[in-house]
Amino acid sequence: MSADTWLRSIPRWALAAMALAWLAVAQGQPLTIGTMVEPKSMDPQLTALSSDLSYYRHVFDSLVTPDDRLRPRPGLAESWTVVSDTVYEFKLRRGVRFHDGSTFDAKDVVYTLERLPKVPNGDGLTAGKLKPIARVEVIDPYTVRLHTSKPDSGILRALGQLFILPKGLGPNVTSDDFSSGKAAIGTGPFRFVSWKRSDNMQLVRNDAWWGGKPDFDKVTFRFIPNAASRVAALQAGDVDMIDFVPPLDVPRLSRDPKISIFKASAARVIYLELDTLRDVAPGVTDLTGKPLDRNPFKDIRVRRAISHAIDRKLIVSRVLEGMGEPATQLMPQGFGGYNDALKVPAFDPALSRKLLAEAGYPQGFAMTLACTNDRYVNDSGFCQAIGQMLARVGIKVAVDAMPANVYFPKYNKASFGAYILGWGNSSGDASSVLTSVVHSPNKATGRGSWNHNYRNTTLDALIDAALGTVDDTRREALYAKAMERVMEDAAIIPLHAQLVIVATRKGLNYTPAADEATLAQNVRARKN
């Protein structure tokens with residue numbers, strides 16, 4: 001039967017019902033998303049973890065909005081002009097209102113930038129990236145100029161993480177006010193309704209959003225940290241979509257006629273970091289459990305031995321079921337600053353044992369490897385695999401896998417000697433990871449906010465030079481050189497790049513974002 005014949009065979013009332021059903025979907029229906037990670041706060045200036053940014057982007061907007069490949073695009077700023085190496089002018093979008101009905105203008109930009117460095121217990125990531133802004137000049141209610149103390153090429157991308165707040169919140173608003181909903185007032189595509197911790201968050205559509213009305217009028221995020229439980233919830237129809245789909249489940253879910261799979265390259269790289277600063281590294285002992293009198297990670301031969309003992313290709317093929325790429329550096333291919341000349345470090349256990357012997361550890365030593373078990377794709381799985389690989393070259397590893405809410409407070413206190421992290425590279429180029437993870441801590445510039453255990457002044461100079469270079473070609477060449485030096489030092493050891501894997505019920509389309517943000521505004525109901 002042809003499509004035309006089939007359509008003519010359907011009663012008119014049924015066709016009308018089908019049309020009305022589609023109209024209801026297109027105009028908005030409830031959407032339930034089973035998500036792995038719950039935010040720490042709804043204060044968009046408290047943290048800049050990619051998992052938190054994902055929630056902020058539903059309620060708040062930024063001047064510059066990252067697209068799905070993290071390239072800067074107009075947001076609350078319709079356009080911008082580079083007036084000079086130290087002056088950026090932004091033309092603000094007119095007619096935008098906050099969820100409380102107040103009108104957005106230049107004073108809200110001033111208020112937001114003034115509050116940013118004053119937030120108690122903030123992680124400093126966004127504040128550090130925007131620290132070069134020395135002055136905000138209001139030309140008129142819809143034109144602002146940002147003056148930097150010196151040329152800084154990272155400003156434009158960093159503004160994608162500056163979520164604009166209404167000036168009416170005043171000077172005394174707290175992070176708790178945002179999480180309760182009292183101050184969760186933005187201009188974004190959804191309005192905050194409620195947050196029941198460890199259970200769910202509810203949002204409703206902002207029909208007046210300048211970016212266009214999302215397809216769904218109510219969104220519920222259900223927090224389901226266990227991957228198997230998320231998959232089961234989707235298959236049972238309890239949720240419409242899940243994020244961070246386990247690679248092992250992708251083939252099976254792909255065969256399910258009721259489910260659609262969406263994949264894309266992520267900007268996140270998983271890496272192993274070693275404490276190269278302290279004379280005694282936490283969790284490092286001899287093979288009998290006696291603390292060592294010197295830190296083996298200070299020796300570059302030990303660090304390189306660890307790198308060569310890891311079979312990255314095996315981890316991707318077996319642990320991640322092919323849903324990733326072995327990492328050559330701290331940026332995945334296709335993003336600014338990627339160094340094409342770098343290769344995946346060779347898996348060479350014999351070389352590892354030779355380097356360990358040369359460093360004075362012919363029998364090896366023991367160490368604790370800290371990692372999360374609910375933050376990255378199969379994180380506990382690849383952490384265990386790395387432990388087994390290191391054991392084969394004489395390094396006895398105790399894997400300490402823990403929930404992210406336990407892991408990160410310990411990490412922030414520099415409690416680990418060897419640990420695994422992932423960096424989302426939310427800027428879309430190498431500036432984010434080089435500035436925050438690699439650069440030595442510097443309170444004056446805000447750089448190195450996530451660097452507890454590594455210092456390299458030569459690298460600092462390279463990164464500073466890159467950030468001060470406005471010319472794109474020259475800047476990316478400096479980033480590439482910095483990546484080469486990071487790999488040579490082997491204190492921060494890249495492992496693999498993740499894929500973004502999302503599953504939905506049939507009838508939905510989803511556009512994955514490279515920063516792994518789970519965005520309800522990216523979910524669309526299919527028209528056919």
Side-chain angles (χ1 to χ4, degrees), residues 270-315 319 326-330 342-371 379-402 407 410-411 414-421 437-438 451-456 458-459 484-496:
I270 307 297
Y271 61 89
L272 165 62
E273 186 161 3
L274 305 169
D275 182 349
T276 63
L277 297 182
R278 286 175 283 194
D279 292 331
V280 178
V284 181
T285 69
D286 65 17
L287 293 175
T288 67
K290 180 181 177 182
L292 295 175
D293 57 1
R294 61 190 174 110
N295 178 359
F297 302 145
K298 284 191 169 187
D299 193 315
I300 194 171
R301 293 169 295 186
V302 172
R303 303 197 299 268
R304 289 178 175 172
I306 289 173
S307 182
H308 287 299
I310 298 172
D311 189 342
R312 294 161 176 80
K313 294 180 180 178
L314 185 66
I315 289 174
V319 182
T328 64
Q329 56 207 278
L330 292 171
L342 296 175
K343 306 300 179 185
V344 176
F347 171 56
D348 193 338
L351 176 58
S352 293
R353 287 188 284 268
K354 179 175 180 291
L355 289 168
L356 287 171
E358 290 176 358
Y361 304 96
Q363 305 304 317
F365 56 89
M367 59 178 267
T368 298
L369 178 60
C371 60
D379 41 10
S380 59
F382 64 69
C383 198
Q384 291 287 349
I386 290 169
Q388 294 167 12
M389 292 171 184
L390 294 181
R392 295 188 187 118
V393 300
I395 301 176
K396 183 180 178 182
V397 177
V399 172
D400 186 10
M402 63 196 83
Y407 179 95
K410 289 186 176 183
Y411 165 79
S415 302
F416 307 136
Y419 50 92
I420 287 175
L421 273 176
V437 175
V438 177
N451 182 352
H452 297 315
N453 298 308
Y454 176 61
R455 305 289 184 272
N456 185 318
T458 301
L459 260 170
E484 181 182 344
R485 294 301 301 267
V486 171
M487 295 302 292
E488 288 174 354
D489 237 3
I492 304 171
I493 301 172
L495 300 172
H496 61 268

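Here, residue 1 is the first one in the sequence, and each next residue gets the next number. Atom set for the values below is all heavy atoms of this structure, side chains included, hydrogens, waters and symmetry mates excluded.
Here the rule is side-chain contact (heavy atoms from CB on, under 4.5 Å) with Leu274, and of Ile493, Asn453, Asn295 only Ile493 fits it. Test Asn451, Leu459, Asn456 against Val438 for side-chain contact (heavy atoms from CB on, under 4.5 Å) and you get one pass: Leu459.
With 3.5 Å as the limit, one finds a donor-acceptor pair spanning the side chains of Asp489 and Tyr454.
Between the side chain of Thr285 and the main chain of Pro291, no donor-acceptor pair closer than 3.5 Å is present. Looking at Arg353, its side chain never comes within 3.5 Å of a backbone N or O of Val393 through a donor-acceptor pair. In this structure a side-chain-to-backbone donor-acceptor pair under 3.5 Å is present from Arg301 to Glu358.
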Q | Trace of the side-chain contact (heavy atoms from CB on, under 4.5 Å) decision for Leu314 with Phe347 | A | CA-CA 10 Å; Leu314 185 66; Phe347 171 56; over 6 Å; no
Q: Begin with the C-alpha distance, continue with both residues' side-chain angles, and end with the deciding distance and a verdict on side-chain contact (heavy atoms from CB on, under 4.5 Å) for Val437 and Leu421.
A: CA-CA 10 Å; Val437 175; Leu421 273 176; over 6 Å; no
**Q.** Residue pair Arg312, Ser307: steps toward the side chain to side chain donor-acceptor pair (under 3.5 Å) verdict
**A.** CA-CA 9 Å; Arg312 294 161 176 80; Ser307 182; 3.0 Å; yes
(Q) Could you walk me through whether His452 and Tyr411 satisfy the ring-ring contact (aromatic ring centres under 6.0 Å, His included) test, starting with their C-alpha distance in whole Å, then the side-chain angles of each, then the deciding distance to 0.1 Å, before giving a yes or no? (A) CA-CA 9 Å; His452 297 315; Tyr411 165 79; 4.6 Å; yes
Q | Worked verdict on Asp379 versus Ile420 for side-chain contact (heavy atoms from CB on, under 4.5 Å) | A | CA-CA 9 Å; Asp379 41 10; Ile420 287 175; over 6 Å; no
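Nearest heavy-atom pair across Phe297 and Thr276 is O-CG2, 3.6 Å.
Taken from OG1 in Thr458 to CD in Glu488, the straight-line distance is 10.5 Å, to the nearest 0.5 Å. Here NZ of Lys396 is found 9.0 Å from OG1 of Thr288. Values are rounded to the nearest 0.5 Å. In this structure, CE in Met389 is found 13.5 Å from CD1 in Ile395, a value given to the nearest 0.5 Å. Residue Asp299 holds its CG atom at 7.0 Å from CZ of Arg294, rounded to the nearest 0.5 Å. For the atom pair Lys313 NZ and His496 NE2, the distance stands at 15.5 Å (nearest 0.5 Å). Separation of atoms CD1 (Ile315) and SG (Cys383) is listed at 9.5 Å; rounding is to 0.5 Å.
Annotation for Lys298: atom NZ counts as buried by contact number, over 12 foreign heavy atoms lying within 6.0 Å.
Using a 4.5 Å cut-off on side-chain heavy atoms (C-beta onward), Leu272 and Leu369 make contact. The shortest distance between side-chain heavy atoms of Lys410 and Tyr419 does not fall below 4.5 Å. A 4.5 Å side-chain heavy-atom check between Arg455 and Leu277 finds at least one atom pair inside the cut-off.
Taking the six-membered ring where the residue is Trp, the centroids of Phe416 and Tyr407 are separated by under 6.0 Å.
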